[in-house]
Every structure is written in C-alpha cells, then in structure tokens.
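Along the sequence shown, the residues carry numbers beginning at 1. Given the structure is predicted, the values throughout are model-derived calculations rather than measurements.
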Amino acid sequence: MKRISLLGILLLGVMISGCGAKKNVIGDTSRNALDWSGVYLFTDEAYKLPEIQLSLKENGTYQLVASAVGEEAKNTYLEGTFEWDKEERTILLDRQIPGLNAAHLVVGENTLFVLTGKKDQPLDELSKFHKVQTDPGLVEKYWKLVSIDDRKVTQDDFFGKEPHMIFKSEFSRVNGNDGCNGFGGIYKLEGNSISFDKVFSTMMACPDSFVFNEFMKVINDKELTYEVKGEEKLTIRSKTSTLYFEAVYLR
C-alpha cells in the first residue's frame, strides 16, 4: 500500500508541475516565431533623416550606424543592448535612434516598425526598417573583372582604372569602375539573385571597348544571379552575358 501511495503522490506532483508549466507558455511571439535577428535598413526618401542600418543579434545586443546628414562629416556608430516587452512583440533599445528620437520597435515579418512612445503610434508610413540579406563573402573586397564570357580582360581593353566592383557592408552600397567611368549605387540580394538600383556614373568620353558596354549592360539588367566561390571568385550572370571577377587584397 505504501508503494501505491508513493506512486500516486509522484504522479500527482507531475500533473501539478505540468499544469504550472502551461500557465507560463505565452504562445507564438515575434521573438520565438520570427527570424528577427539580422540587418535592417531605414531609408528616408526625402533625405531629411539619416540612412540608418541596425543589426540585431540573438544575444540581445545591437550595432547601429547612421549616415552623416547636412554638415556632419562622419557617420554615427552605436553599440548597445535591447530588451523585449512582456508579450515579446516589441523591443526597447537602450538609447534613442539618431534622427528618429525613438527607441521602441515593433518586430514584424522582416520589418521593424518605429514607435514614438505616444500611445504606440508609428511616426508615419515610411518609418520602417526593412530586413536585408547579407553575404559576408561578397562585401568589403576589391573584385577585379578578369573576363566577360570567355574573353579575358586585358589592360588594352580599358582606359584609366581597371574595371572592378566593391560591395559595402554599410547601407548595401556598391561602387566601382567600368574601365573608364566610375559608378555607384545600391545592391540587393535575394537568394542567389542580385539587383542594382539608383546607379550613377561619371560621364567621361571613352575609347571604344567591349568592356565598357558589356559591364554596364549587365549591371543594368533586371534579372541577375551571383555566386561567390571560395571567397576568391565572383560570378554575375545575366541571360546573355557573364562577368567573372577575382578578389584582390590591397596592402
């Protein structure tokens, strides 16, 4: 009888502890149901506020960079911590975001909504951070163009600087040279697809070369794929042409 009573007590204890555990379950939240960690960008189309890049990490820390605005000569860099609210749907940074004067962010699907703290109302429709795909093997390298399709690029094929590209880790920017004119813009990654936007270039007169035409023709194509092999080789493909690059480490 003692054994039966003891077994009954143990089972009752398990049931009680199980019921207690259920009370602490808060269900699906932004914190446990969304892939929220990563890099987010805030862009002000009117250019009245700084571009802001916010990186959220699983360990509750963040890194932030805000672009220089007006007469400011340098970007602003911040590091800190953040906390989740009780519902685990909003995070609070340990300091306000430069230019936005806000620290509360509602975490959505690939989006952070900026809150003013006044009745939790958004600043406006544009006050959102959008998550961006990143590729450590692609950024902060000098990618020298070595061939287009099966034709190698030699010094006789370009005028001035050699054709190259540099993808920046801040604000998804890209700059380079087509072998005659310098250019810049913004890039976006989606899976193995890559696209370029807001591309601008200098307007130097260039001697005839297949490099100038094909390089910028591919960059301006809307259906591109990319591949980084061994962090040393980069391929960018359109439907008609392929650009081959090699990483050059400058000293």
Side-chain angles (χ1 to χ4, degrees), residues 38-45 47 51-53 55 65 67-68 75 110 130-251:
V39 178
Y40 295 80
L41 288 180
F42 175 92
T43 303
D44 176 32
E45 297 295 336
Y47 298 101
E51 281 187 288
I52 303 167
Q53 180 170 297
S55 301
V65 54
S67 63
N75 294 342
N110 296 321
H130 298 281
K131 193 174 185 181
V132 296
Q133 180 179 320
T134 59
D135 187 340
L138 180 68
V139 299
E140 304 301 338
K141 294 180 182 179
Y142 182 102
W143 292 106
K144 175 183 176 181
L145 181 68
V146 293
S147 64
I148 299 177
D149 297 327
D150 58 353
R151 182 170 175 179
K152 290 186 177 181
V153 175
T154 68
Q155 192 165 358
D156 295 331
D157 296 317
F158 58 87
F159 176 78
K161 292 186 177 180
E162 63 185 8
H164 69 274
M165 302 182 76
I166 301 174
F167 297 86
K168 307 300 292 182
S169 57
E170 292 182 3
F171 308 119
S172 297
R173 290 177 182 161
V174 60
N175 58 65
N177 196 289
D178 64 9
C180 180
N181 283 295
F183 67 88
I186 298 172
Y187 69 94
K188 181 179 180 180
L189 307 177
E190 290 186 82
N192 69 334
S193 295
I194 187 170
S195 59
F196 299 91
D197 192 19
K198 300 180 181 178
V199 177
F200 61 90
S201 67
T202 57
M203 302 295 290
M204 289 180 59
C206 307
D208 241 358
S209 171
F210 82 103
V211 174
F212 310 148
N213 295 331
E214 286 302 314
F215 196 120
M216 297 312 296
K217 181 179 178 181
V218 171
I219 296 304
N220 288 305
D221 196 293
K222 299 303 180 183
E223 296 184 30
L224 299 174
T225 59
Y226 86 102
E227 181 182 13
V228 178
K229 290 185 177 180
E231 300 188 353
E232 301 290 334
K233 297 182 183 298
L234 166 66
T235 304
I236 297 180
R237 291 186 174 89
S238 69
K239 290 184 176 180
T240 58
S241 299
T242 303
L243 305 180
Y244 296 95
F245 300 83
E246 290 183 354
V248 177
Y249 297 95
L250 304 178
R251 296 181 180 179

(request) Over all heavy atoms of both residues, which pair between V218 and S238 is shortest? Give the atoms and the distance, please. (result) CG2-OG, 4.2 Å
(request) Would you give the length of the straight line joining atom CE of M165 to atom CH2 of W143, rounded to the nearest 0.5 angstrom? (result) 11.0 Å
(request) Determine, stepwise, if the pair S169 / T134 fulfils side-chain contact (heavy atoms from CB on, under 4.5 Å). (result) CA-CA 8 Å; S169 57; T134 59; over 6 Å; no
(request) Please name the residue in the list I219, I194, L243, N192 that meets the side-chain contact (heavy atoms from CB on, under 4.5 Å) test with L224. (result) I194
(message) So which atom in G137 and which in V228 form the shortest heavy-atom distance, rounded to 0.1 Å?
(response) O-CG1, 3.8 Å
(message) Can you give me the closest heavy-atom contact between E231 and Y249, atom names plus distance?
(response) O-OH, 3.5 Å
(message) When you compare the side chain of L145 with that of V211, does any pair of heavy atoms fall below 4.5 Å?
(response) yes
(request) Can you run down the salt bridge (charged side-chain N to carboxylate O under 4.0 Å, His left out) pairs that involve residues 155-168, sequence neighbours left out, and say none if there aren't any? (result) E140-K168, K144-E162
(request) Rounded to the nearest 0.5 Å, what's the gap from OH on Y244 to NZ on K152? Could you check? (result) 13.0 Å
(request) Could you go through the side-chain contact (heavy atoms from CB on, under 4.5 Å) check for F196 and V174 one step at a time? (result) CA-CA 9 Å; F196 299 91; V174 60; 3.9 Å; yes
(request) Give the minimum heavy-atom separation between E246 and K233, together with the two atoms involved. (result) OE2-NZ, 3.3 Å
(request) Look at the side chain of S67 and the backbone N and O of E51, then say whether any donor-acceptor pair between them is shorter than 3.5 Å. (result) yes
(request) Could you tell me the separation between the CE atom of M204 and the CZ atom of F159, rounded to the nearest 0.5 Å? (result) 5.5 Å
(request) Kindly say whether G191 contributes a backbone atom to a donor-acceptor pair with the side chain of Q133 at under 3.5 angstrom? (result) yes
(message) For a side-chain contact (heavy atoms from CB on, under 4.5 Å) check, start with the C-alpha distance between V132 and K188, then their side-chain angles and the critical distance, and finish with the verdict.
(response) CA-CA 8 Å; V132 296; K188 181 179 180 180; over 6 Å; no
(request) Kindly indicate whether the side chain of L138, heavy atoms from C-beta on, has any atom under 4.5 Å from the side chain of L189. (result) yes
(request) Using modelled atom types only, decide if a donor and an acceptor are shared between the side chain of T202 and the backbone of G182 within a distance under 3.5 Å. (result) yes
(message) So, taking the atom named OG1 in T43 and the one named CD in Q53, what distance separates them when rounded to the nearest 0.5 Å?
(response) 10.0 Å
(message) Check the orientation of F167 and Y187. Use parallel for under 30°, tilted for 30 to 60°, and perpendicular for over 60°.
(response) perpendicular
(request) Without swapping roles, check the side chain of N177 against the backbone of C180 for a donor-acceptor pair under 3.5 Å. (result) yes
(request) Could I get the full list of side chain to side chain donor-acceptor pair (under 3.5 Å) partners for K222, not counting sequence neighbours? (result) none
(request) Provide the closest heavy-atom pair for D221 versus E223 in the form atom of the first, atom of the second, distance. (result) OD1-N, 2.7 Å
(message) Checking the side chain of N181 only, and the main-chain atoms of S201 only, is there a donor and an acceptor separated by less than 3.5 Å?
(response) no
(message) How long is the straight-line distance from NZ of K131 back to OH of Y40, given to the nearest 0.5 Å?
(response) 4.5 Å
(message) For the backbone of S241 and the side chain of D149, can you confirm whether one donor and one acceptor N or O come within less than 3.5 Å of each other?
(response) no
(request) Taking atom CZ of F171 as the centre, report whether more than 12 heavy atoms of other residues, nucleotides or ligands fall under 6.0 Å from it. (result) yes
(request) Determine, step by step, whether V153 and V146 satisfy the side-chain contact (heavy atoms from CB on, under 4.5 Å) criterion, reporting the C-alpha distance in whole Å, the side-chain angles of both residues, the deciding distance to 0.1 Å, and the verdict. (result) CA-CA 5 Å; V153 175; V146 293; 6.0 Å; no
(request) Give, for atom CD1 of I148 and atom CD1 of I236, the distance between the pair rounded to the nearest 0.5 Å. (result) 11.5 Å
(request) Find out whether the Lys NZ or Arg CZ of R237 is both under 6.0 angstrom from the six-membered ring centre of Y226 and within 45° of the ring's axis. (result) no
(message) So does F215 get a backbone contact from the side chain of D178, meaning a donor-acceptor N/O pair under 3.5 Å?
(response) no
